[in-house]
Structure formats: structure tokens, C-alpha cells
Protein chains: 2
Amino acid sequence: MANGAQRSEWTRAVRGFHAGARSDFGSCSFAVVVASSVNGAGGAVPTVLLLCSQGVPNSVIESGERARVQPETTEASRLVETAIQEGLLATLFGRCRVEYEGRAASTLKEGERLVVLKPDGTALVHSDEGQKPVNWQPPGCTHEVQTDGDSLVVRSRRETPEEVLLVEFESVDHVAIFDVTDDHDLSLTGTEEDLRDRILEDPSILEPGFEPRATERQTPAGAVDIYGVDGDGNAVVVELKRRRVGPDAVSQLNRYVESLERDLHAETTVRGFLVAPSVTERASRLLGERGLEFVSLAPSPDT
Amino acid sequence: MANGAQRSEWTRAVRGFHAGARSDFGSCSFAVVVASSVNGAGGAVPTVLLLCSQGVPNSVIESGERARVQPETTEASRLVETAIQEGLLATLFGRCRVEYEGRAASTLKEGERLVVLKPDGTALVHSDEGQKPVNWQPPGCTHEVQTDGDSLVVRSRRETPEEVLLVEFESVDHVAIFDVTDDHDLSLTGTEEDLRDRILEDPSILEPGFEPRATERQTPAGAVDIYGVDGDGNAVVVELKRRRVGPDAVSQLNRYVESLERDLHAETTVRGFLVAPSVTERASRLLGERGLEFVSLAPSPDT
DNA sequence: CGTGCCAGGTGCCTT
DNA sequence: AAGGCACTTGGCACG
């Protein structure tokens, strides 16, 4: 065991490097950091330190030494608790059982999963398959962690609606907590907004003579993506979809058209345009039955 | 440094315990395992080992020893490569830049994120906020990792449609790989199917005299949730929703009703029922306009 | 906060 | 593979 002076020095080194991701493998809670010291030639030498808390937190153990550790989930629990308190992101991996009750209710028997707890109150339970978490809790939840020394339990709760997620680990193989800073937002192209801009920039793509008058025009049935008039002065309703459309999009357009027909009185003709890269067979038939029109156009010129 | 015999013994201990989650913090790649040895009193004593690969993989370093490590992403890359090859789940945390191109296209500037690579080809990029990953790749993708010794790059690609996700780490703070086994499926209640079963069990909840004849009955407009007849012999179309419904659900029901009216010839009356816990104002008005009916019912009796 | 609607929706199932 | 649809949909923008 290092003496007090040595330990203090290392601790400083850790802080200096901000490398302090704390972790927990199996029943040993520890932090591994890479500090640099200066060798005889004056060059920086990376040095690995293993800080292991064995009962007394943050005690320093020199590597290679065999140390007794508490074979419990206490340390794991402490790490996650720290993450929750200090607004850090936590990941846990281990064998667990999951229960959820709220808008629906679910049970998931024992299995190995990755659990992610975000500082915004999000909880994710990921199995080895699928993009969607097998269980989750949306942002805004309050996380809790507790242990009876045997199992470790993560509870995530929210109100409105009342929902509870419970993850009970029978063993925790890994815990890590991270201080996350992510300042930038995603920049996305190829959206419906891009499609809208294409038409507003050159309305004749829809049809020669088309003149947009408003976007998001309100009707009793909802907001119309683009509202305008054609060359003959007829009202035009345009519904935009960034991808191939099915019957639902046709119905949506139809709602707007019918709503406007009532609004604008009988004498005005309201034409309905569905604009999308392509349309399914059934949707195409529906368009025909409703007297609606289709224009093939994608959000990006090349696709 | 331990001698050959000692190292061999430890390696055996590792395998015996299957505690071998390998990890990488900062620039030091290592594996921490907890083995048990027998003390003088005959009791099992948990022992922590730090296996650190410094250039030569899997070399064993005794704790407390200061070891040079390669301050590069090479080891991290090697770990992820192992995960990809052997069908393990990998998590990475660090400062990265993300680009995506496929159905749409996106760019995400430098920031700290958690990346999860699943053995089924799923890739997830999670920031500190939100339930949804900021970027992702669906199951079925092929992951690749490479490094030029400076940055570490994860590439995930699929075809049909052609989509590429690129995550470029300028620094990797943490890597861990896990052998995941999850045998059990989620058991979920409170679904639309539960709502359907409630009605099939006691059709009079919908309306006294109602007799279900078919579920998922096909029409030119799609499959009807429940099809049947009322006490007067009129055709009944039931659309089920597990939660509060909006205009889209009304349109959906309307499509089925109109489709069946054509199918069954003019003399048959087709009634349309929307069954859900509740309905929005606008949807309620739409129901009225269409001559459709609403029945308040939830998937679970108590809600 | 509820309503309405887009989303790189995802997932499941059927043709 | 494409179509149709449910989903603890999630997320955003607006009243």
C-alpha cells in the first residue's frame, strides 16, 4: 500500500489529467487513470494507476498487488449513486431481471443486458439485439439505486403518467460513470422541410402556374403543409412526405381537402396534391377514388 | 513482472471465473478480473488482478507497478475488433464526430458520446440527453473499426438501403466488450391485442347484441381489427387503439368502412366503431361527421 | 400540459 | 423485398 504522501501525489495526477472514469468490474470497484511522469531523459512516460476502493473509498492499490475486495455490489451501487447525484451518465452490465409498469406493463426474465442511465433521467435497457431498448424510461425520470449487498436494484420513476422501471441485477459485471459534455446539435438534411423548400423555391415543380400562399395553414382538420392556388385560381392543398407514402398519407390529405371545401363554401374547387418520392399501389388507388393528385418529388434532387 | 508460471496461473483463474470483461480506459488497455484464492483459514479470498497489455497483448502487470502504455487508440481498436469478430457487444465512450448518409444525411460535430455496437449489427450513438440515439444504424449492419494510431474510426454500413454511419473519435476514454447472452423475451401487457381479447371475451362490452365474426378481416383498404354483426344484422367494423386516439385513427376506420360498403353492395349498412380509452376533440368531431361511433375501453380493466 | 404530426421512425407480420 | 400497421412509439412545435 502506498504511503500518504505517495497517495496524495497520485491523486493529484489523476485530477490533473481529468481521466477519472470510475468503474466497477465484478465485485471490485476501482478507477484506472493514465498519468504521465517524467523519466530520466526528460520525456513524458505514461503511467497506469489502479485506484481501488476496498471498503474505504479511493484507497490506492499498486498494480499487481493482490487485494481483498468486497465481493458485493455495494461499490457498484455507490458509483451509480454518484452518477445520479452529480449528473453523470452511468452504464451497467450484468445479469438482471426487468419489470415495467406504466402506460403498459412488462416483465423480462433473467438475462445479461446493458443498462444506461442518463443525467436527463433517461433509462435504457439494451439486450444483445435490436436498435430499440428492450425496456426503457423516457427523459425526466428520477433514478434510484440501492443494494442489499447481494443484488443491485435500479429504479426509475416518473409521474404524468405514473411509470416505474425496475432493474434487478443478480450480478453486476461492469459499471462505469462518465461526465458527458455534448454541445453540438445534429444537422440533418433530407427531411420534409427540405422537400417543402424545394417547392417554395420553384413552385412550378408541383405544376406550372402554382402559387404558394401559406405554409402550415390552419384548417379545422389540422395544418396544411403548403396552401396555394393554381393557374385557374383554384385552391390547392399540398401534403408533403419525405418518403414513399401509404394509405395514411392519402387520408390525411383528404381530411384537409374536405375540411377546406367546407370552409371555403361550395363554389371553390379545392385540389389536393400529395408530394412524395413514390406511392404504394393501394395509396395510389385511394388517391384516384378521392380525386387527389400525386407528384413525385424527393427531399434531395439526386434521390 | 510476474514469471511465466505465475502468469499462467492467473490466466487460468481468469478463465475459471469467466470474469473476463476487457476494457480500455484512456490509453491503457487492460482486463480486470476477480478471482478467488484460498487463504490460510481455508476461506475463499477475492483477489483482483489487473491484466494490462502494453504493446504485447495480455502481458501481466503486478499491481502498483508503473507501466508504460501506448498512449494510442490501437488497443481500443483491437478490443472493438475482437468484439466484432467474436460476436460481442462493445461500448465506447469518448469525444467524437459523427456522420451519417443514407435515407437522409446528417453531421454531428465534436462531442462526448457513448457508442454501443451490438453483435446483431446495431450501432447506437448516445449523447447525454434523450431516449433516442442521436445517430444510429439498424440491425444487420457490418461494423468496422480502424485507427491510424491517432483517431479511432468506427464505420457501420448496410445495403438496401445503402447507409453508412461514421464515428470518428479524437479520443477514447473507455472501451469495454461483453459476451452477452439473453435468452428470454419480453412479456408485455396492455397492448392492442389485450384490448381485442377483452372484446372477444365479452362482445357485449362493445354493444349488446354484437357478434364478432372475424379478426384481421381483409378489405381492399386493409385489415379490419374486428369484423362482426350487430343485433339487427348490420355489418360492424371495429378499429382498436390502446391509447387516446386522434384524427388519424378516425380516418383509418373510415377507410375500412367505406371499403366494406363498396364490397358488400349498397343494401348492407356498415357501422364503424372506434374503441379506445379516450378520443381527442377534433377526432370526436370527425367521428360525428363520418357517422362513426366511439366506445371508451382500455386494454386493462382498471385503467 | 394536451393536440397534432413528422421521423433516417422501429419492429412485426403477411403477401 | 415491399406493404401495411402497432408502438410504453419519441420528439417537436403550437395553442
Side-chain angles (χ1 to χ4, degrees), chain A residues 100-106 122-123 125 129-140 158 160-165 186 188-196 216 218-219 221-225 239-249 252 255-256 278-284 299-300 303, chain B residues 100-106 122 129-140 158-165 186 188-193 195-196 216 218-219 221-225 239-249 252 255-256 278-284 286 299 303:
Chain A
Y100 154 77
E101 183 149 8
R103 289 168 290 177
S106 73
T122 300
V125 182
E129 289 183 341
Q131 185 200 315
K132 281 183 59 179
V134 61
N135 275 116
W136 70 91
Q137 203 69 297
R158 73 157 167 167
T160 63
E162 174 72 23
E163 288 196 300
V164 184
L165 177 72
L186 186 76
L188 184 69
T189 62
T191 65
E192 179 180 302
E193 191 183 348
D194 293 315
L195 179 55
R196 188 193 65 185
E216 299 299 315
Q218 292 300 323
T219 77
V224 170
D225 283 338
E239 175 59 31
L240 307 170
K241 291 295 169 191
R242 67 167 302 282
R243 62 169 191 172
R244 184 172 175 87
V245 289
D248 53 342
Q252 192 184 346
R255 285 205 304 274
Y256 301 150
S278 59
V279 58
T280 67
E281 172 56 30
R282 195 177 280 177
S284 183
S300 302
T303 48
Chain B
Y100 153 77
E101 182 148 10
R103 288 167 292 175
S106 74
T122 300
E129 290 182 340
Q131 185 201 313
K132 282 182 58 179
V134 62
N135 274 116
W136 70 89
Q137 204 69 296
R158 74 156 167 169
E159 304 165 3
T160 60
E162 175 71 24
E163 289 196 298
V164 183
L165 177 71
L186 186 76
L188 184 69
T189 62
T191 65
E192 180 180 304
E193 191 182 348
L195 179 55
R196 188 193 65 183
E216 301 297 315
Q218 292 299 324
T219 78
V224 171
D225 283 340
E239 175 59 31
L240 308 170
K241 292 295 169 190
R242 67 168 301 282
R243 64 171 189 174
R244 184 172 174 86
V245 289
D248 52 340
Q252 191 184 347
R255 285 204 304 275
Y256 300 150
S278 59
V279 59
T280 68
E281 172 56 31
R282 193 177 281 177
S284 183
L286 271 172
T303 49

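Reminder, nothing fancy here: chain letters follow the sequence lines and each chain counts from 1.
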(request) Specify the residue among Leu186(B) and Ala223(B) whose closest nucleotide of DNA chain D lies further upstream toward the 5′ end. (result) Ala223(B)
(message) Under 4.0 Å, counting only non-hydrogen atoms across every strand here, what does Gly130(A) touch: a base, just sugar-phosphate, or nothing?
(response) sugar-phosphate
(message) Need two values: the first and the last nucleotide of DNA chain D, 5' to 3', having an atom under 4.0 Å from any heavy-atom of chain B.
(response) dC5(D) to dG11(D)
(message) Looking only at side-chain N and O atoms, does Arg244(A) offer a donor or acceptor that is under 3.5 Å from a partner on Ser278(A)?
(response) yes
(request) Using a 4.0 Å heavy-atom cut-off across all strands, classify Arg158(A) as base, sugar-phosphate, or nothing. (result) nothing
(request) Select one nucleotide: of dT10(C), dG4(C), dA7(C), the one nearest the side-chain heavy atoms of Pro247(B). (result) dG4(C)
(message) I want to check one thing: is the phosphate of dG8(C), taken as OP1 and OP2, less than 4.0 Å away from some side-chain N or O of Thr191(A)?
(response) no
(message) Mind checking if Arg196(A) touches a base, just sugar-phosphate, or nothing, with heavy atoms under 4.0 Å?
(response) nothing
(message) What's Glu129(B) touching, base or sugar-phosphate or nothing? Going by heavy atoms closer than 4.0 Å.
(response) nothing
(message) Please classify the nucleic acid contact of Glu162(A) as base, sugar-phosphate, or nothing, using heavy-atom distances under 4.0 Å.
(response) nothing
(message) If the cut-off is 4.0 Å, is Arg242(A) near the phosphate of dC6(C), judged by side-chain N/O to OP1 or OP2?
(response) no
(message) Using only atom types and a distance under 3.5 Å, with no angle test, would you say the side chain of Arg242(A) pairs donor to acceptor with the backbone of Arg103(B)?
(response) yes
(message) Any base atoms under 4.0 Å from Gln252(B), or only sugar-phosphate, or nothing? Heavy atoms, all strands.
(response) sugar-phosphate
(request) For Ala249(B), answer base if it contacts any base atom (sugar-phosphate contacts may also be present), sugar-phosphate if it contacts only those atoms, and nothing otherwise; contact means non-hydrogen atoms under 4.0 Å. (result) nothing
(message) Would you compute the distance between atom CG of Leu195(A) and atom CZ of Arg243(A) and round it to the nearest 0.5 angstrom?
(response) 14.0 Å
(message) Rounded to whole Å, how long is the line connecting atom NZ of Lys132(B) with atom C1' of dG9(C)?
(response) 5 Å
(request) Send over the distance from Glu239(A) CD to dG4(C) P, rounded to a whole Å. (result) 15 Å
(request) Could you measure between the two P atoms, the one in dG8(C) and the one in dC5(D), and give it in whole Å? (result) 22 Å
(message) For Leu240(B), is there any backbone N or O sitting under 3.5 Å from a side-chain donor or acceptor partner on Asp225(B)?
(response) yes
(message) With nearest nucleotide decided by heavy atoms, which residue, Ala104(A) or Gln131(B), maps closer to the 5′ end of DNA chain D?
(response) Ala104(A)
(request) Give a yes/no on whether any side-chain N or O of Lys241(A) is located under 4.0 angstrom from OP1 or OP2 of dC6(C). (result) yes
(message) Assuming nearest nucleotide by heavy-atom distance, tell me which of Glu193(A) and Thr160(A) is located more 5' along DNA chain C.
(response) Thr160(A)
(request) Please work out if Gly222(A) contacts a base, only the sugar-phosphate, or nothing of the nucleic acid, heavy-atom cut-off 4.0 Å. (result) sugar-phosphate
(request) On DNA chain C, check which nucleotide each of Gln137(B) and Tyr256(A) is closest to and give me the residue with the more 5' one. (result) Tyr256(A)
(message) Between C1' on dG8(C) and CG on Leu165(B), what's the gap in Å once rounded to a whole number?
(response) 11 Å
(message) What is the distance, to the nearest angstrom, from the CG atom on Asp248(A) to the P atom on dG4(C)?
(response) 16 Å
(message) For Glu163(B), is there an ion pair with Arg158(B) - N to carboxylate O distance below 4.0 angstrom?
(response) yes
(message) Using 0.5 Å steps for rounding, measure from the CD atom of Glu159(B) to the CD atom of Glu162(B).
(response) 6.0 Å
(request) Using a heavy-atom cut-off of under 4.0 Å over every strand shown, decide if Asn135(A) touches base, sugar-phosphate, or nothing. (result) base
(request) Measure from CD on Glu101(B) to C1' on dG8(C) and round the result to the nearest Å. (result) 12 Å
(request) Specify the separation, in whole Å, of atom CD of Glu192(A) and atom P of dG4(C). (result) 18 Å
(message) Just the rounded figure in Å: distance from C1' of dA7(C) to CG of Leu240(A).
(response) 15 Å
(request) Any chance you could measure Thr122(B), atom OG1, to Lys132(A), atom NZ, to the nearest 0.5 Å? (result) 13.0 Å
(message) Taking dT8(D) as the reference, what is the distance to dC5(C) when you measure between their P atoms (whole Å, please)?
(response) 22 Å
(message) Would you compute the distance between atom CG of Leu186(B) and atom CG of Asn135(A) and round it to the nearest 0.5 angstrom?
(response) 5.0 Å
(request) Return the set of residues passing side-chain contact (heavy atoms from CB on, under 4.5 Å) with Thr219(A) (not counting sequence neighbours), or none when no residue passes. (result) Arg217(A), Ala221(A), Val224(A), Tyr256(A), Ser259(A), Leu260(A)
(request) For dT10(C), take OP1 and OP2 only and decide whether either is under 4.0 Å from a side-chain N or O of Arg103(B). (result) yes
(message) Measure CZ/Arg282(B) against C1'/dG2(C) and give the value in whole Å, please.
(response) 12 Å
(request) Look at all strands and tell whether Pro161(B) reaches a base, only sugar-phosphate, or nothing, counting heavy atoms closer than 4.0 Å. (result) nothing
